[in-house]
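The chains referred to below are lettered A, B, ... by the order of the sequence lines, with proteins before strands, and numbering in each begins at 1.
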Number of protein chains: 2
Amino acid sequence: MNVLRQNTDYALRLLVNLADRFNGKPAATNQLAQAEDISPQFAAKILQKLQKAHLVASVMGPQGGFVLARRPAKINLLQAIQAVQGMVAFNRCSPGAEGCRRKKYCPIAPVVDRMQNQINDSLASITLQDLLDNAPTKGADVKKNKSGNKTFEAE
Amino acid sequence: MNVLRQNTDYALRLLVNLADRFNGKPAATNQLAQAEDISPQFAAKILQKLQKAHLVASVMGPQGGFVLARRPAKINLLQAIQAVQGMVAFNRCSPGAEGCRRKKYCPIAPVVDRMQNQINDSLASITLQDLLDNAPTKGADVKKNKSGNKTFEAE
DNA sequence: CATAGTAGGATTATTTTAGTCCTACTCATA
DNA sequence: TATGAGTAGGACTAAAATAATCCTACTATG
């Protein structure tokens, strides 16, 4: 099984797309959905969750759409993931001492906590800016269309 | 959502229990199930998976049951988890280059790979022996019954 | 060789996740 | 300020993954 839900995968792509347009005009849901191969309705739903978490901001009315709420360097993966699928818990008993009444005797609890912290730290250390910088799309295999958005060549 | 399935949580507890009895007589499924608060049938199923992965060995007939297949220090968490729930994939595209045709252009692929490696390394570095050593059950709050197995006091 | 007891596959039920549909709201333009 | 193109957001449905149970076949001790 996967740690990231499909939801979250989509959300990350949407966020990177928005990060790439940072300081530009709002991007319409349909535009984003098409660029990332997501059903428009579903994209809308995901964007709503991101908005609730204050990672993106919506602009209503004609010419409206979504913009990133702040600089790409100020949004990290942990925040993005939590916005869409909630906490990434290593085990049921992860978040705190709660959840399992056997916790204080549990032989795996210490390890679970350690793994949990590692995961959180790793995710929090990666920002959207890092994703932009490391993206393999920088070089060849990619061309820009007239509106400046990236498109992918068919394989 | 949790990284570990409930299955896996049970499996780890069963393994630790068996590790604690290492070199002793085989433990019957019912005995293990009761000690770890798992339905006997379900415990049996999990133990079967562990056997398939050669982490435990079964002894049939009366006085039969399960024993750990090798020293607790020789079984790590990654093996245990994979035996029960398969690969812990960070994202759909995690394991290799397969799964996503957009991989080579994907802005999040590098990060996904990095996270995947971190998770695998961490899990592989923890053995059943480590769990036994770190278990908070060593001290008080635990008493032994006549057969030498640990029991938990009611809270 | 009979039987207590275990292994292991097949099947069903439950929960979680993915995805769609519909209604209400917002605001640039005429 | 009335209009309508376009978005927000909740309610609902469908599909998939997971949890759990049931049943049959096998093993080896007494």
Side-chain angles (χ1 to χ4, degrees), chain A residues 1-14 18 25-34 36-69 81-89 91-92, chain B residues 1-14 18 25-34 36-67 69 81-89 91-92 99:
Chain A
M1 247 293 295
N2 305 334
V3 175
L4 297 189
R5 302 272 143 269
Q6 195 154 327
N7 263 348
T8 311
D9 187 42
Y10 291 158
L12 293 180
R13 290 198 238 156
L14 291 169
L18 287 173
K25 301 179 73 67
T29 300
N30 282 332
Q31 200 177 1
L32 290 168
Q34 189 173 357
E36 303 298 338
D37 284 328
I38 314 174
S39 126
Q41 305 260 27
F42 202 28
K45 190 175 175 180
I46 294 167
L47 287 165
Q48 283 160 28
K49 282 193 179 181
L50 293 176
Q51 186 186 28
K52 228 171 205 167
H54 305 293
L55 300 183
V56 304
S58 69
V59 179
M60 292 192 95
Q63 315 305 320
F66 287 91
V67 295
L68 212 61
I81 292 170
Q82 285 188 347
V84 178
Q85 71 176 53
M87 191 66 168
V88 175
N91 198 9
R92 297 178 284 169
Chain B
M1 247 293 296
N2 304 333
V3 175
L4 297 189
R5 302 273 144 268
Q6 193 155 328
N7 263 347
T8 312
D9 186 42
Y10 290 159
L12 293 180
R13 290 198 239 155
L14 291 169
L18 286 174
K25 303 180 72 67
T29 301
N30 282 332
Q31 200 177 1
L32 290 168
Q34 189 173 358
E36 303 299 338
D37 283 330
I38 313 174
S39 126
Q41 305 260 28
F42 201 29
K45 189 173 177 184
I46 294 167
L47 287 164
Q48 284 161 26
K49 282 193 178 181
L50 293 175
Q51 186 186 29
K52 227 171 206 167
H54 304 293
L55 300 183
V56 304
S58 70
V59 180
M60 292 193 95
Q63 313 306 319
F66 287 91
V67 294
I81 292 170
Q82 285 188 347
V84 179
Q85 71 176 52
M87 192 66 168
V88 175
N91 199 8
R92 297 179 283 171

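Going from atom NZ of A:Lys45 over to atom C1' of C:dT20 covers 9 Å, rounded to whole Å. When the P atom of C:dG9 is taken as reference, atom CD1 of B:Ile46 falls 15 Å away, rounded to whole Å. Look at CZ on B:Arg5: it is 15 Å from P on C:dT15, rounded to the nearest Å. Spacing between atom CG of A:Leu47 and atom C1' of C:dG19 amounts to 15 Å, rounded to whole angstrom units. A:Asn2 has its CG atom 15 Å from the P atom of D:dA16, to the nearest Å. For the pair A:Phe42 CZ and D:dG9 P, the computed distance is 17 Å after rounding to whole Å. The CG atom of A:Leu50 sits 12 Å away from the P atom of D:dG9 (whole-angstrom rounding). Between B:Asn30 atom CG and D:dT21 atom P the separation is 13 Å, expressed in whole Å.
Look at B:Lys49 and you won't find any side-chain N or O under 4.0 angstrom from OP1 or OP2 of D:dA19. Between A:Gln51 and the phosphate of D:dG9, there is a side-chain N or O to OP1/OP2 separation shorter than 4.0 Å. Using a 4.0 Å cut-off, some side-chain N or O of A:Ser58 falls inside it from OP1 or OP2 of D:dA8. At the phosphate of C:dG5, neither OP1 nor OP2 sits under 4.0 Å from any side-chain N or O atom of B:Thr29. Distances shown here put a side-chain N or O of A:Gln6 below 4.0 Å from the OP1 or OP2 atom of C:dG19.
Looking only at side-chain heavy atoms (C-beta outward), A:Leu18 and A:Leu50 stay at 4.5 Å or farther from each other. In this structure the side chain of B:Val88 reaches within 4.5 angstrom of the side chain of B:Val3, judged on heavy atoms. For the pair B:Val56 and B:Leu14, the minimum side-chain heavy-atom distance is 4.5 Å or more.
For the pair A:Thr8 and A:Met60, nearest-nucleotide mapping onto DNA chain C gives the more 5' position to A:Thr8. Between A:Ala44 and B:Ser39, the residue whose closest nucleotide on DNA chain D is further toward the 5' end is A:Ala44.
Across all strands, B:Ala28 comes closer than 4.0 Å only to sugar-phosphate atoms, never to a base (heavy-atom distances). Note on B:Lys52: only backbone sugar-phosphate atoms sit closer than 4.0 angstrom, heavy atoms only; bases stay farther off.
If you check C:dA18, D:dA20, C:dA7 against the side chain of B:Phe66, the one that comes closest is C:dA7. Across C:dA7, C:dA18, D:dG9, the shortest atom-to-atom separation from the side chain of A:Gln48 is found for D:dG9.
At a threshold of 4.0 Å, the pair A:Asp9-A:Arg5 does not count as salt-bridged, since none of the basic side-chain nitrogens sits closer than that to a carboxylate oxygen.
Checking each of B:Asn7, B:Leu12, B:Leu32 against B:Ile46 for a side-chain contact (heavy atoms from CB on, under 4.5 Å) leaves exactly one that passes, namely B:Asn7.
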